[in-house]
Structure formats: C-alpha cells, structure tokens
2 protein chains.
Amino acid sequence: MIDVTSATSAASDPPAAKAGDGYHHGDLPNALRRAAVEVIEERGAGGFSLREVARRAGVSHTAPAHHFGDMKGLLTSVAEEGFAALHAASEAAIGTSDDPVAQLTELGRAYVSMGTTHRGHCEVMFRTDIIDTEDPELMSCGLEAYGVLESVVRRMIDDEHLSADVDEVTWLCWSTMQGLVQLAPKISMIAEAHGREAPVIDDLIARFTTLMVDGIRNAP
Amino acid sequence: MIDVTSATSAASDPPAAKAGDGYHHGDLPNALRRAAVEVIEERGAGGFSLREVARRAGVSHTAPAHHFGDMKGLLTSVAEEGFAALHAASEAAIGTSDDPVAQLTELGRAYVSMGTTHRGHCEVMFRTDIIDTEDPELMSCGLEAYGVLESVVRRMIDDEHLSADVDEVTWLCWSTMQGLVQLAPKISMIAEAHGREAPVIDDLIARFTTLMVDGIRNAP
DNA sequence: CCCAGCGTCTTGACGTCGTCAAGATCGATC
DNA sequence: GATCGATCTTGACGACGTCAAGACGCTGGG
C-alpha cells in the first residue's frame, strides 16, 4: 500500500526516513516512483527506462530492483499510486454535494482531470502488458475507486426508484469518462478543425452526464 | 496509403510482387506490418521489437528501416492500417440499415469489435509516444473513420429535428465506445466478481446506444 | 552485349537497455 | 564491538534501435 500524501511530497524531506546519508537513500521507493512518473510524462510509456529513473533518483542502475523486483514491479506500483489518487479525488468529488446527479458530474470531472494532473500514472494504469494486472494491491486500489462511482450510481437509481441496472449504468459512465480521457486532445483538435474553439472539458462532462441521466430516467 | 485488402492477405502470395527471389522479398512492407501486429498481439506494445519483427519476416534486422525509416515509422503504418480497417468496418456497419439509430448501434458494435479482431492495431492507434500522430496519411485515415460516425449522428439529428449539437453527440458516442474497448475485459471481470455472468458486449452496446439516444432526444 | 545506376537487402559496429551475480556499506542488535 | 540483515554498487551479459558501408540483382542506355 502506498501512502498517497507522502508520495506526492517534495523530493527533499522524505517521510519516515533519514533523509539520505550518502549511501542509504532513506525513501528510495517514493523517489523512484516520482522519477518514473516524471520520465513517463516526458517521454511517454514507450520511452520509459529503468536506468534513467535510477539516474534521476541519484542511485545506481540496479537499485530499483531491490525495491520493486523489476521494471514491471515499479510500473505496477506507479499504477497503484494512480488508482489511490483517483480514489482520493473521487471521495473529494462526492463531498461537494449531496445530490447524486451532481456527484456524478463531479466524479466525471475528477476522473477526466486525472488524465492531465496525473498523466504519467494514467499512461500506465490501464496497460496490461507493462504492469502486473493480477497484483492484489493494485486490484484492491482499483476496486476501491470503482466502488465510489458504483455507490453514487446506486444511490441515484434508488433515490429516484429507477429501473436501470446499477452495474450497467456504472459501466456506461466509466466507459464514457475513460474514453474522454483518451480522446480529449483529439476532440479539441477536431473542434478547431471544424472552426469552433475547443470545448471546455468540464462543461462537456456536465452535458454528457445530464444527457446520460436523462436516458437512464427513460429506461423501460 | 495502405491497401487494406492486401494487407490482411496470407503471408504467401504477396500481391504485386515477385514472391521473393531469395534476396529481394517482394512485399516486405506488408510482411513487416503483419509481423508487427503479430508481435504486439503476443507481447503487447511494450514488448514490441523491431529485430523480432524482422526475424519473423525472414529478413535482416535493418531491413525494416529501408521501408519505414525507424520503429516509429512502422508502428505509424500499423496504426494507419488500423484506421483504414476501422473505416471499412464502419462503412459496412452503416450498410446494414437505413435507420440512423440502428446504424449508430452497428457503428458502436463495429468499433468495439475492432478491439478484439484488431487488438494489435488498437494497442497502437491511440498512442502518442510510439507513433507519429502528425503523419498526414495517418490523420486522413483517422478523419475518414471519424467522418462516418459524424455523418450518421448528423442524419439522426436532422431527421428527428433535434436540438443537440452534432459534434458533441459524436464525441459522446466516440468516447463511450473508445472507453468500452479498453474496459470490456475489466467490466467482464467485475461482472463475474459481482456474481453475474459477463455481459454480451453487443447487447450492452445496444442498451448504451438507446440510452444515449433517449438522452439526446430529451435535450433542451 | 554489358555495364552503369538504383532500389533492395545484409553485415558489422556503437551506445543503451533490463537483468543477474557478487561484493561493498551502514545501522541495529547482541 | 563484532555480527547480521537491509540497502546500495560494480561489473558483466545478451538484446535492442540505429547508423555507416557494402553486396546483390533488376533495368535501361551505349
């Protein structure tokens, strides 16, 4: 389990560590995760390099192996951190209102904004080839984030006594937001090619959400 | 521009070529694309290797460079082939009916089924780090496929005199199907974890589509 | 007829990569 | 104050992407 708060703290002042005595780093795992995200955001997941990560953390090229086993282990840890951050952002999002529909909108905004605020993490979280998708900690982090969305959908359907299937509505919202994360740049490009200015993503999400909610309320 | 029909033909009987005289291959570009897709489907985009592709095509490790420049060039060509296949599948999908809503459903099914029938291509098509997204041929192939969806959405909105924005509805449908491609395996996993059998994706797409269309008809 | 030119493909080399084995360093514990 | 385990380093290996240089075989002009 990764501590989300410490994971995003500055490179100096490592928590629960001796701040580096020259030989022993003190908080190498977090430093490596930070460096890994940095490299991915600069070069993409395809340009990732364990040795470059080690270089940026100021350690030898084999140091990462002692904490993460191999490249897959480090990237899996980055993905786990991403899901933990998504979970935290989701919890914060539903705290802004008591109305399930408003919560759904905020959840969508939180999800899509993760694509920009945690771009490095997102490039890794849904890859099946470079991370270990069977990792128990990764799966539990992912399911926790999923649970937030599901519970909001369930409450909306219960509150309004709708006939829609909770799971399927959850999947619809999830898919739409997941697609939006990936397509937002292309959408902006197409909008400009069509002679209109790129849409404000948060507004787009609000309209998508109300549109889907309208459809859900209309279910047979 | 890649000829989609020849690109998927068998390894033997290369079209418009001398079938390999021992030294000169005859149809190396297509053979390399085929091998590339094969490698990606086996190992994922992260396990891709130019040398392995060359090995499978039976040529030296530098032969691909003469046709595609570098790794990015070959992968861009694979992505282009993917968009061309998507375009073809989209055209076929809208040919099954005259009703725009039915066409929209079929378009969604064609899109999502691409994720399994052309898994290797799909792993590359929306990556920004390992392909050249500025490539003119790639962009035109992508826009052609996009145009099919957009025209169906436009016809639906026109036919029913709806107030919804054509671009935004197109983006909604695209995002949802794009997310579904990526999340389908996870959705099946979650369904089974919830004690229900994995959903039939084609049915899910039909329900998602009618739900979204209901929302579109309800726009202010 | 043949030979010059040109696409096509190969050989060989370089630096970088991930990983493994072996050893060095340090703090905690007895 | 010696020992032990956790932590990190050094050095090596094969595989990778790319570059330079050269070999091959068709084609067309003398």
Side-chain angles (χ1 to χ4, degrees), chain A residues 11 14-36 38-40 42-78 124 127 129-132, chain B residues 11 14-36 38-40 42-78 124 127 129-132:
Chain A
K18 315 106 203 170
D21 48 18
Y23 196 93
H24 291 82
H25 183 283
D27 191 30
L28 191 50
N30 269 322
L32 289 172
R33 266 189 296 268
R34 259 193 305 274
E38 197 179 280
V39 172
I40 295 169
E42 280 178 24
R43 311 183 179 179
F48 180 83
S49 149
L50 252 189
R51 288 174 111 109
E52 175 65 20
V53 167
R55 233 171 274 133
R56 298 195 186 197
V59 292
S60 75
H61 63 272
T62 55
H66 292 286
H67 295 275
F68 298 102
D70 58 0
M71 195 171 104
K72 211 167 188 169
L74 173 53
L75 291 177
T76 301
S77 183
V78 168
V124 151
R127 289 285 294 274
D129 51 346
I130 58 176
I131 69 173
D132 177 16
Chain B
K18 316 107 201 169
D21 49 17
Y23 197 93
H24 291 82
H25 182 284
D27 190 31
L28 191 50
N30 270 319
L32 290 172
R33 266 190 295 268
R34 260 194 303 274
E38 198 179 280
V39 170
I40 295 169
E42 280 178 24
R43 310 183 180 180
F48 180 83
S49 149
L50 252 189
R51 288 173 110 109
E52 175 64 21
V53 167
R55 232 171 274 132
R56 298 196 187 197
V59 293
S60 76
H61 63 271
T62 56
H66 293 286
H67 296 275
F68 298 102
D70 57 1
M71 194 171 106
K72 211 166 188 170
L74 173 53
L75 291 177
T76 301
S77 183
V78 167
V124 151
R127 289 285 293 273
D129 51 346
I130 57 176
I131 70 173
D132 177 17

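Each chain gets a letter, A, B and so on, in the order its sequence line appears, and its residues count up from 1. Both backbone and side-chain heavy atoms feed into the values below; hydrogens, waters and symmetry mates do not.
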Rounded distance in Å - NE2 (B:His66) to C1' (D:dG22): 11 Å
Whole-Å distance separating the CZ atom of B:Phe68 from the P atom of D:dT18: 14 Å
Gap between atoms CG and C1', on B:Leu75 and D:dG17 respectively (whole Å): 12 Å
Nucleotide D:dC19, atom C1' - distance to CE of B:Met71 in whole Å: 17 Å
Protein-to-nucleotide contact annotation, 5' to 3' order, nucleotides 10-15 of chain D [B base; S sugar-phosphate only; - none; under 4.0 Å, heavy atom]: BBB---
Close side-chain approach of B:Val124 and B:Thr76, heavy atoms under 4.5 Å: no
For atom CG of B:Leu32 and atom P of D:dG17, their distance in whole Å: 13 Å
Among C:dT19, C:dC9, D:dC8, the nucleotide that comes nearest once only the side chain of A:Asp70 is considered: C:dT19
Integer-rounded Å distance: D:dC19 P and B:Leu50 CG: 12 Å
Within-4.5 Å side-chain heavy-atom neighbours: A:Leu50 and A:His61: no
Listed once per pair and sorted, the salt bridge (charged side-chain N to carboxylate O under 4.0 Å, His left out) pairs that draw on residues 57-68 of chain A, sequence neighbours left out: none
Nucleotide D:dT9, atom C1' - distance to CG of A:Leu28 in whole Å: 13 Å
Spacing between B:His67 atom NE2 and C:dG7 atom P, to the nearest angstrom: 12 Å
B:Ala63, nearest nucleotide to its side chain (from D:dT18, C:dT10, C:dT19): C:dT10
pair B:Asp129-A:Arg43: side-chain heavy atoms closer than 4.5 Å: no
Any donor-acceptor N/O pair, A:Ser77 side chain to A:Gly73 backbone, under 3.5 Å: no
Derivation and outcome, side chain to side chain contact (heavy atoms under 4.5 Å, CB included), residues B:Lys72 and B:Ile130: CA-CA 6 Å; B:Lys72 211 166 188 170; B:Ile130 57 176; 5.8 Å; no
